[in-house]
There are 2 protein chains.
Amino acid sequence: MNPSKVPDIVIGRLPLYLRALTQMAQDGKEITSSQELGGELGISSAQIRKDLSQFGEFGKQGTGYNIEFLADQLKRILHLDQIWDVALIGAGDLGTAIANYGGFIDRGFRIRSVYDNDPSKIGTWAGAYEVHSVDQLEKDLRDMGIKIVMLAVPASHAQEVTERLIAADVKAILCYAPISLSVPDSVKVQYIDPVLHLQHMTFYLSK
Amino acid sequence: MNPSKVPDIVIGRLPLYLRALTQMAQDGKEITSSQELGGELGISSAQIRKDLSQFGEFGKQGTGYNIEFLADQLKRILHLDQIWDVALIGAGDLGTAIANYGGFIDRGFRIRSVYDNDPSKIGTWAGAYEVHSVDQLEKDLRDMGIKIVMLAVPASHAQEVTERLIAADVKAILCYAPISLSVPDSVKVQYIDPVLHLQHMTFYLSK
DNA sequence: TAGATTGTTAATCGATTAACAATC
DNA sequence: TAGATTGTTAATCGATTAACAATC
């Protein structure tokens, strides 16, 4: 597989497949089919087979897919056959909720360090994590080799923090602030803005 | 405009346009162009003009778009020329963070009521909201006429709560649980799962 | 008027689906 | 063997982009 040739929209579906497979495995299932998996996710079986075929042949004609095997392959493809250290910037309500969320480690991510710029918060705890000053942010992240950051700071500070992240050689940012960040092509950004989703749905609601 | 004929992917971009326009207005700008707006968002100017043309003619040749006017039109199209009451189900860490988030009201949404199924939480406060029992959930939501719910309960309870929401005539669900919900076509669902975004980005990271 | 930018059409590009030979 | 399901090809469908007349 040549990574640069696989459409990004396909890559975006792989974590969804992995999530459904993990659920099936927890339910004690061993085998599934593209039809069953698609039914679960609201995706056509043809699309699932096409997506997977970009990376290899993982199924058996007449039988389907071994759930554990396919999940392992997806983890390998997505570079989830390791645990990624992540830094969390921002220890407000949202940052604290993220710090307390227990759902990261099972899916490949570990919060390594938490930062805030508010002097009154430094040294306090956000869940299990001591809150650190952003004074040494670049050096800290470089020393720890952190490539992924969850950014939970106010929109007004998000771009300036982002520039420091870029300087620290961070390569992936999950931005919770409701703005579009400017980054070089070498840095990936994903956004979470709940209001965008709500506003998308109100189009379909009658007043 | 015939709503059913506009592609959903176009609808999904309108809130993004609105967000950028609102930012421009706050910065004191009065006029923008499809090129400037696109530059801000990483979208081509042709796409922005095409998207907007689905709903009418909002610009002036040679000049561009009046920011306030276009924002008002987008609000009207998205049914954001009113405030929507929203219920929040789940008053754990995430629910509490959502309850404390101040960014909803300016963008068209007001949290009206907060619910949890944990007896020890009933009567306590999540930010400015008293936590209510889910015992009377269907009746409560119907009485208040609530059509939109933010669902911040554990994955293990999300589907059963969803069935109660459907029974209560809720039409839009923003689901924070990492699962796919089963709902009839008449109910819209949007999902927020931060781990999916992280796993999408790790594909592009070298180990 | 000259310069700029819209709204729209046609062309291009890319993604999804249908269909089926291969084969478990 | 008969039934089922994959992986893949070709056809279809839909979205994006390029280009430009209209016009502010």
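Just so it is clear, the model here is predicted, and its values are computed rather than measured. Reminder, nothing fancy here: chain letters follow the sequence lines and each chain counts from 1.
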Once you round it to whole Å, what is the distance between [atom2] of [N] and [atom1] of [X]?
{"X": "Phe55(B)", "N": "dT6(C)", "atom1": "CZ", "atom2": "P", "value": "18 Å"}
{"X": "Tyr65(B)", "N": "dA4(C)", "atom1": "OH", "atom2": "C1'", "value": "13 Å"}
{"X": "Leu37(A)", "N": "dA4(D)", "atom1": "CG", "atom2": "C1'", "value": "17 Å"}
{"X": "Asn66(B)", "N": "dT5(C)", "atom1": "CG", "atom2": "P", "value": "15 Å"}
{"X": "Gln54(A)", "N": "dT9(D)", "atom1": "CD", "atom2": "P", "value": "12 Å"}
{"X": "Asp51(A)", "N": "dG14(C)", "atom1": "CG", "atom2": "C1'", "value": "13 Å"}
{"X": "Glu57(B)", "N": "dT9(C)", "atom1": "CD", "atom2": "P", "value": "11 Å"}
{"X": "Leu70(A)", "N": "dT6(D)", "atom1": "CG", "atom2": "P", "value": "11 Å"}

Please give me the minimum heavy-atom distance between Ser156(A) and Glu160(A), naming the atom from each residue. O-OE1, 4.1 Å
In the structure I gave you, are the side-chain heavy atoms of Asp8(B) and His200(A) within less than 4.5 Å of one another anywhere? yes
Between Met150(A) and Ile111(A), is there a side-chain heavy-atom distance shorter than 4.5 Å? yes
Could you check Arg164(B), Lys147(B), Lys139(B) and say which one makes a salt bridge (charged side-chain N to carboxylate O under 4.0 Å, His left out) with Asp169(B)? Lys147(B)
Walk along nucleotides 17-24 of chain D from 5' to 3' and tag each nucleotide B, S or - by protein heavy-atom contact under 4.0 Å, base first, then sugar-phosphate. BBB--BBB
Using a 4.0 Å heavy-atom cut-off across all strands, classify Ser34(A) as base, sugar-phosphate, or nothing. sugar-phosphate
Dump the intermediate steps for side-chain contact (heavy atoms from CB on, under 4.5 Å) on Leu165(B) and Ile89(B), then the final yes or no. CA-CA 10 Å; Leu165(B) 299 178; Ile89(B) 323 276; 4.3 Å; yes
His132(B) and Tyr115(B) aromatic ring geometry - parallel, tilted or perpendicular at 30°/60° bounds: tilted
Without hydrogens or angle criteria, can the side chains of Asp51(A) and Gln47(A) be said to hold a donor-acceptor pair below 3.5 Å? no
Across all strands, who's sitting opposite dT16(D) as a Watson-Crick or G-U wobble pair, both distances under 3.5 Å? dA11(C)
Does dA22(C) have a Watson-Crick or wobble partner in any strand here, with both distances under 3.5 angstrom, and which is it? dT5(D)
